[in-house]
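A quick note: this is a predicted structure, and the numbers were derived from the prediction, not measured. The figures that follow rest on heavy atoms only: side chains count, while hydrogens, waters and symmetry mates do not.
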Amino acid sequence: MQTTIVTVAVAVACLVGTASAGIVFDRACPTGIEAKQYFSVESYLGKWYEIQRYESEFELNFDCVQVRYTDNEDESVEVSNSAYNLFNGSTINVVGRAVLSFPDEEILQGKLNVSFFGAPNDVSNYWVLDTDYETFSVVWNCQPLGNTQSEENFWVLSRTPTLPADTDVMFRIHNIMRRYIDRSQVRFTRQLDERSSSSGKDGVRERSP
């Protein structure tokens, strides 16, 4: 399957929880993909570490990617992303907002609209395909680019800097990857470098790029 990487350098793009500048596939978005059913926003809150991803222009060369979800007073969720560039020491710290895409459904799905810098967003661009809330989360998104192409994002998140050696967890992750993900495009995120947690709030140095 032929793929290309989108080279649009938009600051809002491509930290965990947004949907721009991902991988472009020469096909329409896959159909029949279901998000997590009976999704619990409250259980999903807290800190996550990025373990794997589809690479993007904005995340290029960044590791130590972490995200924290916290409640806002208006029932939305604050999305706080951080990342550290192991090559040049630069950091990214971006805060956004997430809301359930379909909050009135009888069975809530793990589909959210995420945006940054106060930008409005009516697009469901963050799909939690599976999570146990305590260990792992698999997140995916696809947006059509005309009739013959699509742009996808994919992340594996963990509550710890490495995934635990749990057979059930690994089976659930690999089952989704086998069905929906182009493994040749997956990039592993380094979390164990000492600079990932040497200083700063939540293990990331708090300074601008």
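In terms of modelled atom types and a separation under 3.5 Å, the side chain of Asn72 and the main chain of Glu75 share no donor-acceptor contact. The main-chain N or O of Asn113 is never found under 3.5 Å from a side-chain atom of Asn121 such that the two would form a donor-acceptor pair. For the pair Asp63 (side chain) and Arg190 (backbone), a donor-acceptor distance under 3.5 Å is present. Checked by atom type and distance alone, the side chain of Ser40 pairs as donor or acceptor with a backbone atom of Ser43 at under 3.5 Å. Of the possible polar contacts, none joining the Ser90 side chain to the Asn85 backbone as a donor-acceptor pair under 3.5 Å is found. Side chain of Ser150 to backbone of Arg27: a donor-acceptor contact under 3.5 angstrom is found.
At a threshold of 4.5 Å between non-hydrogen side-chain atoms, the residues Ile107 and Tyr38 count as touching. You'll find the side chain of Val67 stays beyond 4.5 Å of the side chain of Lys47, heavy atoms only. Side-chain contact between Phe154 and Val139 is absent, with no heavy atoms from C-beta onward closer than 4.5 Å. Residues Leu192 and Thr162 are in side-chain contact: their nearest non-hydrogen atoms beyond the backbone lie under 4.5 Å apart. For the pair Ile173 and Leu163, the minimum side-chain heavy-atom distance is below 4.5 Å. Side chains of Ile23 and Asp182 form no contact here, defined as non-hydrogen atoms less than 4.5 Å apart. Asn81 is listed as a side-chain neighbour of Phe116, based on a closest heavy-atom distance under 4.5 Å. Between Thr70 and Arg68 the shortest side-chain heavy-atom distance falls below 4.5 Å.
Between atom SG of residue Cys142 and atom CD of residue Glu151 there is a gap of 8.5 Å, rounded to the nearest 0.5 Å. Between Tyr84 atom OH and Asn61 atom CG the span is 13.0 Å, to the nearest 0.5 Å. For the atom pair CG (Leu108) and OG (Ser101), the distance works out to 11.0 Å, reported to the nearest 0.5 Å. Expressed to the nearest 0.5 Å, how far CD of Gln185 lies from CD of Glu55 amounts to 10.0 Å. Rounding to the nearest 0.5 angstrom, the gap separating the OG1 atom in Thr31 from the CD1 atom in Ile33 is 8.0 Å. Atom CD of Gln66 sits about 11.5 Å away from atom CG of Leu157, to the nearest 0.5 Å.
Around atom CG of Asn147, no more than 12 heavy atoms belonging to other residues, nucleotides or ligands sit under 6.0 Å away.
In plain terms, the two heavy atoms of Asn153 and Gly22 that are nearest each other are OD1-CA, 3.6 Å. Contact record, Ala98 with Val114: CB-CG2, 3.8 Å, taken as the closest heavy-atom pair. Between Ala35 and Lys111, the closest heavy-atom pair is CB-CG, 3.7 Å.
The list of salt bridge (charged side-chain N to carboxylate O under 4.0 Å, His left out) pairs with a residue in residues 94-108, not counting sequence neighbours, reads Asp74-Arg97. Listed by first and then second residue, the salt bridge (charged side-chain N to carboxylate O under 4.0 Å, His left out) pairs involving residues 121-135 are Lys36-Asp130, Asp130-Arg172 (not counting sequence neighbours). For residues 152-183, no residue pair satisfies the disulfide bond (SG atoms under 2.5 Å apart) rule, not counting sequence neighbours.
Tyr54 and Phe25 have tilted rings, their planes meeting at an angle from 30° to 60° on a 0 to 90° scale. Using cut-offs of 30° and 60° for the angle between ring planes, the Tyr126 and Tyr69 rings count as perpendicular.
Here Val95 pairs with Glu78, Ser80 under the side chain to side chain contact (heavy atoms under 4.5 Å, CB included) rule; sequence neighbours left out. By the side chain to side chain donor-acceptor pair (under 3.5 Å) test, Thr189 is found to be paired with Glu50, Arg53, residues two or more places apart in sequence or in another chain being considered. Applying the ring pair (Phe, Tyr, Trp, His ring centres under 6.0 Å) rule to Phe136 yields no partners; only residues at least two apart in sequence or on another chain are considered.
Figure legend: Arg159 and Trp48 shown as a cation-pi pair, the cationic atom lying under 6.0 angstrom from the six-membered ring centre and within 45 degrees of its axis.
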CA sep, side-chain torsions, deciding dist, call: Phe39, Tyr44, ring-ring contact (aromatic ring centres under 6.0 Å, His included): CA-CA 9 Å; Phe39 182 70; Tyr44 200 74; 5.4 Å; yes

Glu152 vs Trp140, side chain to side chain donor-acceptor pair (under 3.5 Å): CA-CA, chis, key distance, verdict: CA-CA 7 Å; Glu152 291 189 29; Trp140 175 86; 2.9 Å; yes

Evaluation steps, side chain to side chain contact (heavy atoms under 4.5 Å, CB included), between Arg183 and His174: CA-CA 10 Å; Arg183 292 174 183 265; His174 288 299; 3.5 Å; yes

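No path of Ile, Leu, Val, Met, Phe, Trp and Tyr side chains, each step under 4.5 Å between heavy atoms, connects Val65 with Phe188, placing them in separate hydrophobic clusters. Follow the hydrophobic side-chain contacts under 4.5 Å out from Phe117 and you reach Leu112 in the same cluster. Under a hydrophobic-cluster definition in which Ile, Leu, Val, Met, Phe, Trp and Tyr are linked whenever side-chain heavy atoms come within less than 4.5 Å, directly or via other members, Val128 and Phe102 are assigned to different clusters.
Applying side-chain contact (heavy atoms from CB on, under 4.5 Å) to Val156 and the options Ile51, Ile181, Val186, Ile176 leaves one that passes, Ile51.
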